[in-house]
J.: 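Following this message is one structure expressed as structure tokens.
Everything numeric here is computed off the predicted structure, so don't read it as measured data.
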Amino acid sequence: MPARPDPVPADPSPGRRDGVGQDAPSGVDSALLGRRVIALLIDWAIASAISAGFFDFDSMATLGVFAGMTALLAMTLGATIGHRICGLRLVRHDDGASPLPPLAAVIRTALMCLVIPAVVWGADGRGLHDIAARTAIVRW
């Protein structure tokens with residue numbers, strides 16, 4: 001009796017190609033992580049420049065400008081200026097919708113400003129701030 005051919009393995013990432021709603025098999029995507037860090041630095045530089053120009057570079061004013069800018073742009077455009085430059089966008093994790101609903105944008109931004117949730121990642125490579133807000137950063 002001839003041997004049966006092995007079944008064709010299923011595509012490990014059916015449907016969406018941007019990884020939304022799927023666990024990352026190898027943890028944090030280092031290319032995406034690098035883009036995220038660069039985007040954060042760009043956004044922080046913009047907030048710092050605004051703070052220096054209008055608030056004498058006060059640290060709390062810089063954080064406030066950063067938070068306001070991040071939340072507002074996430075709610076309206078689905079990406080901050082840094083995200084756009086780095087080819088990233090913010091989406092809801094469950095369905096990939098963008099821009100973010102106001103509550104998700106505010107939760108994500110508030111936790112990101114606390115720093116710790118932003119530097120601790122889950123198994124799928126999302127920061128705790130993204131997990132709590134049910135959001136994800138994907139390539140544009």
J.: Rounded to the nearest 0.5 Å, how far apart are CD1 of I46 and OG1 of T62?
T.: 13.0 Å
J.: Any side-chain heavy-atom pair from T109 and H129 closer than 4.5 angstrom?
T.: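 They are not in contact (no side-chain heavy atoms under 4.5 Å apart), so the answer is no.
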J.: So which residues get pulled into V106's cluster when ILVMFWY side chains under 4.5 Å apart are joined, directly or through others?
T.: none
J.: Hydrophobic clusters join Ile, Leu, Val, Met, Phe, Trp and Tyr when side-chain heavy atoms are under 4.5 Å apart, directly or via other members; which others share one with L111?
T.: L103, I107, L114
J.: Do the charged groups of R36 and D130 touch, with an N to O distance under 4.0 Å?
T.: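 Between D130 and R36 there is a salt bridge, with a charged N closer than 4.0 Å to a carboxylate O.
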J.: Is it the case that atom CZ in R134 sees more than 12 heavy atoms from other parts of the structure closer than 6.0 Å?
T.: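 No, the 6.0 Å shell around CZ holds no more than 12 heavy atoms from other groups.
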J.: Taking side chain as C-beta onward, heavy atoms only, is P99 less than 4.5 Å from M75?
T.: no
J.: Following the transitive rule for hydrophobic clusters with a side-chain heavy-atom cut-off under 4.5 Å over Ile, Leu, Val, Met, Phe, Trp and Tyr, establish whether L128 and L33 coincide in one cluster.
T.: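 In one cluster with L128: L33, no.
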J.: Considering only heavy atoms from C-beta outward, does the side chain of L88 approach that of L32 to under 4.5 Å?
T.: yes
J.: Working to the nearest 0.5 angstrom, can you tell me the gap between R126 CZ and I137 CD1?
T.: 10.5 Å
J.: Checking side-chain contact (heavy atoms from CB on, under 4.5 Å) for the pair F54/V65: CA distance, chi angles, key distance, verdict?
T.: CA-CA 10 Å; F54 294 99; V65 169; over 6 Å; no
J.: Mind checking whether L90 and R108 have side chains closer than 4.5 Å, heavy atoms only?
T.: yes
J.: Verify, without hydrogens or angle tests, whether R89 (side chain) and W140 (backbone) share a donor-acceptor contact under 3.5 angstrom.
T.: no
J.: How long is the span from the CE atom in M112 to the CG atom in L40, to the nearest 0.5 Å?
T.: 6.5 Å
J.: For L63 and C113, work out which heavy atoms get closest and say how close.
T.: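 For L63 versus C113, the nearest heavy atoms are CD1-SG, 3.8 Å.
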J.: Enumerate, atom names and distances included, each donor-acceptor pair closer than 3.5 Å involving a side-chain atom of residues 66-74, sequence neighbours excluded.
T.:
unit_1	atom_1	unit_2	atom_2	d
T70	OG1	F66	O	2.8

J.: Strictly distance-based, threshold 3.5 Å: is any side-chain N or O of D58 a donor or acceptor partner for the main-chain N or O of M60?
T.: yes
J.: R35 and G87: which non-hydrogen atoms are nearest, and at how many Å?
T.: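 Where R35 meets G87 most closely, the heavy atoms are NH1-O, 4.0 Å.
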J.: Return the SG to CD1 distance between C86 and I81, rounded to the nearest 0.5 Å.
T.: 12.0 Å
